[in-house]
There are 2 protein chains.
Amino acid sequence: MRPDGRSSMRESILAAAVHLFAQYGYHAAPLRDIARIAGIQAASIYHHYPNKQALLIEIMETYMLRLNVSLEHVLKEFDDPLQRLHEAIANHIRMHTTYKEEFFIIDTEMRALEEEHKAHIISLRDKYEALLQELLQDGMERGVFRQSDVKIASYAIIAMCTEVATWFRPNGRLSVQQVITSYRQFIVEGLLLTPGVTHMPDETAHLL
Amino acid sequence: MRPDGRSSMRESILAAAVHLFAQYGYHAAPLRDIARIAGIQAASIYHHYPNKQALLIEIMETYMLRLNVSLEHVLKEFDDPLQRLHEAIANHIRMHTTYKEEFFIIDTEMRALEEEHKAHIISLRDKYEALLQELLQDGMERGVFRQSDVKIASYAIIAMCTEVATWFRPNGRLSVQQVITSYRQFIVEGLLLTPGVTHMPDETAHLL
DNA sequence: GTCTATAGTACGATAGAC
DNA sequence: GTCTATCGTACTATAGAC
């Protein structure tokens with residue numbers, strides 16, 4: 001066990017990279033600073049990783065894979081479209097608040113990927129979009145969701161739930177669960193106060 | 001008039017900066033490349049702008065001001081909360097598709113701002129959020145919108161409508177107007193197919 | 001596995017001629 | 001207002017000792 005709680009120097013380096021890439025951006029984060037936080041010299045990083053780009057790839061690949069696995073699990077676990085959507089939203093927001101910096105990097109540093117690696121990471125992102133679109137399409141076909149453009153709906157949901165990683169503060173005004181509840185209601189029911197809505201969840205009915 | 005259609009070298013330089021900042025990111029876009037696109041040498045940029053950072057500031061300030069002015073106009077022009085929201089969404093998406101690269105830079109290069117200038121740009125962004133929150137709060141108090149967390153609702157709307165700038169292609173599958181219509185319905189009515197909804201706009205009723 | 005030393009390159013910015 | 005030439009700096013990455 002290392003002083004920073006990581007179990008290997010390789011992990012310490014990656015953790016430092018996550019922190020600095022998220023704070024300053026990939027190009028503005030010098031390897032010397034990553035090394036200093038990890039407690040070694042810049043040259044020593046090259047014993048663990050072939051170059052700076054490899055750090056970015058490992059961060060993006062690792063967490064996009066985790067995100068996909070977690071959504072696949074939701075789709076396998078549940079069948080009801082509305083419950084699936086509820087769980088997918090909760091899963092997305094939980095992942096993006098728990099691994100805030102990692103997903104912020106995925107969201108903002110796609111341009112920093114060199115061309116050879118970009119296609120791979122984009123394919124992982126496309127896979128996630130496809131899974132969510134499958135969920136939405138199924139819900140529309142089964143008459144639970146309104147007929148609408150599936151791609152636009154998936155982009156909208158992903159954009160709003162991803163951006164939580166930008167402003168969420170673990171000790172802020174709202175808990176993760178409160179954020180999830182608000183987003184669920186907003187996505188499923190919209191903003192309009194519509195008399196006669198029958199799907200109002202009990203947990204929010206008191207607000208009326 | 002210059003060969004690129006800009007009316008001054010100052011504008012040509014800024015247009016080149018917009019293009020390269022959006023494509024590669026602020027730190028990865030060399031002044032030499034900006035100069036080449038503008039048709040001059042890198043050193044000549046310094047006759048028009050004091051430094052590279054000034055280019056970023058001018059882009060962000062100009063378009064955040066335009067965005068605020070346009071939303072203020074919507075709030076002055078309309079009174080009905082639902083119509084205000086419709087117009088605000090349309091305005092946001094129109095601005096973000098028309099000035100796609102400029103707003104993409106505002107959205108992704110906040111970290112590249114040096115500390116002295118960051119506060120100013122953030123205050124412009126905060127102003128925009130406050131205007132939208134005022135619209136939402138008013139709509140809730142007047143019983144048109146559901147009671148919900150105004151800040152979360154504003155973040156969600158801004159995030160989803162801003163991200164359009166990332167994927168929208170002028171000659172793509174969907175027109176700007178189709179995107180606006182889809183987003184409006186999604187934001188106002190949500191995904192759920194709820195029997196008994198009374199506020200279904202005529203323009204989308206045929207989808208059912 | 002980590003170090004020191006440094007190669008090699010690219011960048012932002014300046015000086016000064018025209 | 002634009003040029004050429006170049007300064008000073010900072011960065012990624014490598015070489016080679018320990």
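Residue numbers start from 1 in every chain, and the chains themselves are labelled A, B, ... in the order their sequence lines are given, proteins ahead of strands.
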- request: First locate atom CE of Met160(B), then atom CD1 of Ile187(A), and finally report the distance between them rounded to the nearest 0.5 Å.
  value: 8.5 Å
query: Would you say the ring centroid of His92(B) lies under 6.0 angstrom from that of Tyr128(B)?
result: yes
query: Does a side-chain N or O from Ser44(A) land closer than 4.0 Å to OP1 or OP2 of dC3(C), or not?
result: yes
- request: Going 5' to 3' through nucleotides 12-18 of chain D, assign each nucleotide B (protein heavy atom under 4.0 Å from a base atom), S (under 4.0 Å only from sugar-phosphate atoms) or - (no protein heavy atom that close).
  value: BBBB---
message: Quiz question: by atom type and distance under 3.5 Å, do the side chains of Asp4(B) and Ser12(B) form a donor-acceptor pair?
response: yes
- prompt: Looking at Tyr26(A), is Lys52(A) sitting on its ring face, NZ or CZ under 6.0 Å from the six-membered ring centre and within 45 degrees of the normal?
  reply: yes
- prompt: Could you state the CD-C1' distance from Gln41(A) to dT4(C), rounded to the nearest angstrom?
  reply: 8 Å
Residues which pass ring pair (Phe, Tyr, Trp, His ring centres under 6.0 Å) with Tyr63(B), listed by chain and number, not counting sequence neighbours: Tyr99(B)
query: Between CG of Leu132(B) and CD of Gln137(B), what distance do you get to the nearest 0.5 Å?
result: 11.5 Å
message: We want to know whether Thr162(A) and Asp107(A) form a side-chain donor-acceptor pair, criterion being a heavy-atom distance below 3.5 angstrom.
response: no
Any donor-acceptor N or O pair under 3.5 Å, side chains Glu11(B), Ser7(B): yes
field: Atom-to-atom span, CG of Asp33(B) to C1' of dC11(C) - whole angstrom
entry: 11 Å
- line: In whole angstroms, the gap separating C1' of dT14(C) from NE2 of His47(B) amounts to 15 Å
field: Nucleotide dC3(D), atom P - distance to NE2 of His48(B) in whole Å
entry: 9 Å
- line: Here the residues of residues 3-25 of chain A within 4.0 Å heavy-atom distance, strictly under, of DNA chain C are Met9(A)
task: Grab the OH-P distance between Tyr49(B) and dT14(C) for me, whole Å please.
output: 17 Å
